[in-house]
Structure formats: structure tokens, C-alpha cells
Trainee: 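Shown below is the structure under consideration.
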Amino acid sequence: MRRSIYLSQFAHANPIPAACCHGPLLMTGIINGNDPQTGELPADQATQCRHMFSHIRAILDAAGATPEAVVKVTVWLQDREQRETLNACWLEMFPNDHSRPARHAIQAATPSKFLIQCEFTAWLD
């Protein structure tokens with residue numbers, strides 16, 4: 001059975017959930033770096049990145065999962081050279097170098113106000 005996950009802190013203007021579970025599979029749509037309290041988008045990439053990871057945690061919590069359930073994360077960056085904050089947040093969420101998900105960081109194809117975005121796939125036990 002499919003179950004949609006909606007978060008008030010990460011709402012879409014369209015009728016699209018933040019994530020969807022089907023059996024043990026959890027997949028998200030695009031997750032950006034809007035401030036979870038105000039909904040505003042910060043101007044700097046580092047703050048957007050930190051907010052993006054807080055949304056990842058909130059989605060996992062709503063699904064009853066932890067970061068250990070994450071299998072793969074795809075990240076879009078406006079500037080691929082700005083991975084310092086991404087790597088810092090990554091190591092905070094996934095500190096065990098023997099148990100990290102796969103990650104693919106891609107240069108965003110078009111300029112956008114979103115300096116960093118991601119989606120992830122998780123397997124729920």
C-alpha cells in the first residue's frame with residue numbers, strides 16, 4: 001500500500017507530498033533549503049544546505065525511519081565546487097564511514113534561486 005508523507009514545514013504549492021512510501025521503499029521529491037520555520041529561502045548555499053538536511057531528517061522521522069535507512073542521495077548544486085558545507089552536513093548525518101549511503105552530486109543544469117537541492121531513497125525495516 002502506498003502512503004504519502006506531507007510535512008507542514010516543507011509544503012508544496014501543488015498537491016505533491018514530500019515523500020512516498022510503498023512497502024519498505026521510501027522515495028522523496030526534490031528537497032530544497034527553505035527555512036523550516038519561515039518558509040523563506042536563504043540567500044547563501046551553506047544555510048540552504050543545512051535546512052535541506054533538516055528536511056531530510058524530518059521526512060525520515062515522519063516515515064518512522066532514521067538516517068541508517070537512506071540508501072542513495074542525489075544532490076544538485078549550482079556550483080559543484082561548493083561541496084564543503086555539503087560534506088560537513090553529510091558527515092554529521094552519516095558519521096560511520098562503513099555505513100554511508102551512495103551519493104551523486106550533479107551540477108545543476110540551469111541557474112536557480114535554489115543553490116542546492118536533493119532527493120533520496122531509503123529502505124524501511
Side-chain angles (χ1 to χ4, degrees):
M1 172 184 273
R2 183 173 56 206
R3 175 174 59 105
S4 298
I5 296 175
Y6 292 93
L7 300 176
S8 60
Q9 72 185 49
F10 190 68
H12 289 273
N14 296 306
I16 302 168
C20 181
C21 293
H22 195 286
L25 180 65
L26 169 68
M27 295 190 77
T28 69
I30 293 295
I31 302 167
N32 58 46
N34 286 2
D35 185 299
Q37 303 301 317
T38 66
E40 299 294 319
L41 184 67
D44 65 292
Q45 188 259 10
T47 305
Q48 286 187 27
C49 186
R50 286 190 295 276
H51 290 327
M52 181 183 78
F53 273 86
S54 75
H55 295 310
I56 292 171
R57 284 194 185 277
I59 291 167
L60 289 167
D61 287 345
T66 65
E68 287 74 31
V70 177
V71 177
K72 182 175 183 195
V73 180
T74 302
V75 181
W76 289 268
L77 297 149
Q78 284 297 317
D79 181 355
R80 243 179 123 247
E81 299 303 315
Q82 292 185 329
R83 287 181 281 186
E84 185 175 318
T85 304
L86 171 60
N87 288 336
C89 291
W90 181 264
L91 291 173
E92 184 178 319
M93 183 168 278
F94 308 111
N96 183 346
D97 63 346
H98 298 290
S99 179
R100 288 190 185 124
R103 184 179 93 186
H104 188 181
I106 305 165
Q107 181 93 17
T110 58
S112 169
K113 63 183 177 179
F114 300 109
L115 303 177
I116 188 167
Q117 296 179 296
C118 77
E119 66 180 9
F120 72 87
T121 303
W123 191 260
L124 311 177
D125 290 325

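Throughout, numbering of the chain's residues begins at 1 and tracks the sequence. These figures come from a predicted structure and were not determined experimentally.
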Trainee: Only one of I106, T121, I30, T28 forms a side chain to side chain contact (heavy atoms under 4.5 Å, CB included) with T74, so which one is it?
Mentor: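 With T74 as partner, side chain to side chain contact (heavy atoms under 4.5 Å, CB included) holds for just one option, I106.
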Trainee: Tell me whether I31 shares a hydrophobic cluster with F53, the cluster being built from Ile, Leu, Val, Met, Phe, Trp, Tyr side chains joined at under 4.5 Å.
Mentor: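 Both belong to a single hydrophobic cluster.
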Trainee: Report the distance from atom CD of Q82 to atom CG of L115, rounding to the nearest 0.5 Å.
Mentor: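 Those atoms lie 7.0 Å apart.
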Trainee: Same hydrophobic cluster for M93 and W123, using side-chain heavy-atom links shorter than 4.5 Å among ILVMFWY?
Mentor: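 Unlinked, M93 and W123 end up in two clusters.
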Trainee: For D125, I'd like to know if atom CG has over 12 heavy atoms of other residues, nucleotides or ligands within 6.0 Å.
Mentor: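 Open: at most 12 neighbouring heavy atoms sit under 6.0 Å from CG of D125.
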Trainee: Flag the pair L86 / V75 as yes when at least one side-chain heavy-atom distance between them is below 4.5 Å, and no otherwise.
Mentor: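 Answer yes - side chains close enough.
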Trainee: Could you walk me through whether L77 and D79 pass the side-chain contact (heavy atoms from CB on, under 4.5 Å) check?
Mentor: CA-CA 5 Å; L77 297 149; D79 181 355; 5.8 Å; no
Trainee: If you look at every heavy atom in A65 and A69, which pair is closest and at what distance?
Mentor: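 For A65 and A69, the tightest heavy-atom pair comes out as CB-CB, 4.0 Å.
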Trainee: Counting only N and O atoms by type, is there a donor-acceptor contact under 3.5 Å from the side chain of R3 to the main-chain atoms of C20?
Mentor: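 Answer holds: no.
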Trainee: To the nearest 0.5 Å, what is the distance between OG1 (T38) and NE2 (H51)?
Mentor: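 Atom-to-atom, T38:OG1 and H51:NE2 are 7.0 Å apart.
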Trainee: With rounding to the nearest 0.5 Å, note down the distance linking CD in E68 to CZ in F94.
Mentor: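 It is 8.5 Å, given to the nearest 0.5 Å.
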Trainee: For the atom pair NE2 (H55) and CG (D61), what is the distance rounded to the nearest 0.5 Å?
Mentor: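 Between H55 NE2 and D61 CG, I get 13.0 Å after rounding to 0.5 Å.
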Trainee: How many angstroms lie between OG1 in T47 and CZ in R50, if you round to the nearest 0.5 Å?
Mentor: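 Rounded to the nearest 0.5 Å, the OG1-CZ separation comes out at 4.5 Å.
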Trainee: Please examine the side chains of H104 and K72, heavy atoms only from C-beta on, and report whether any two atoms are closer than 4.5 Å.
Mentor: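 Side chain of K72 against side chain of H104, heavy atoms only: contact under 4.5 Å found.
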Trainee: Between Q9 and A58, is there a donor-acceptor pair closer than 3.5 Å when you use the side chain of the first and the backbone of the second?
Mentor: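 Not a single qualifying donor-acceptor pair exists.
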Trainee: Find the distance between CG (N32) and CE (M52) and round it off to the nearest 0.5 Å.
Mentor: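 It is 9.5 Å, given to the nearest 0.5 Å.
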Trainee: Where is the tightest heavy-atom contact between C21 and L124, given as atom of each residue plus distance?
Mentor: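 For C21 versus L124, the nearest heavy atoms are SG-CD1, 3.7 Å.
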Trainee: A side-chain contact here means heavy atoms from C-beta on lying under 4.5 Å apart; do V71 and F120 qualify?
Mentor: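 Answer no - side chains too far apart.
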Trainee: Indicate yes or no for a side-chain donor-acceptor contact from N14 to the backbone of I16 under 3.5 Å, with no hydrogens or angles considered.
Mentor: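 No.
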Trainee: Linking I/L/V/M/F/W/Y whenever any side-chain heavy atoms sit under 4.5 Å apart, do I56 and F114 land together?
Mentor: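 No: no chain of side-chain contacts under 4.5 Å links I56 to F114.
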Trainee: Examine I116 and V70 and state if one hydrophobic cluster contains both, with Ile, Leu, Val, Met, Phe, Trp and Tyr joined whenever side-chain heavy atoms are less than 4.5 Å apart.
Mentor: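 I116 and V70: one cluster.
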Trainee: Just checking, any donor-acceptor pair under 3.5 angstrom between side chains of S54 and R57?
Mentor: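 Side chains of S54 and R57: no pair found under 3.5 Å.
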Trainee: Between Q107 and R80 (side chain of the first, backbone of the second, donor and acceptor by atom type, cut-off under 3.5 Å), is there such a pair?
Mentor: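 Flag set: sc Q107 to bb R80 pair under 3.5 Å.
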Trainee: P101 versus W90: any side-chain heavy-atom pair under 4.5 Å?
Mentor: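 Side chain of P101 against side chain of W90, heavy atoms only: contact under 4.5 Å found.
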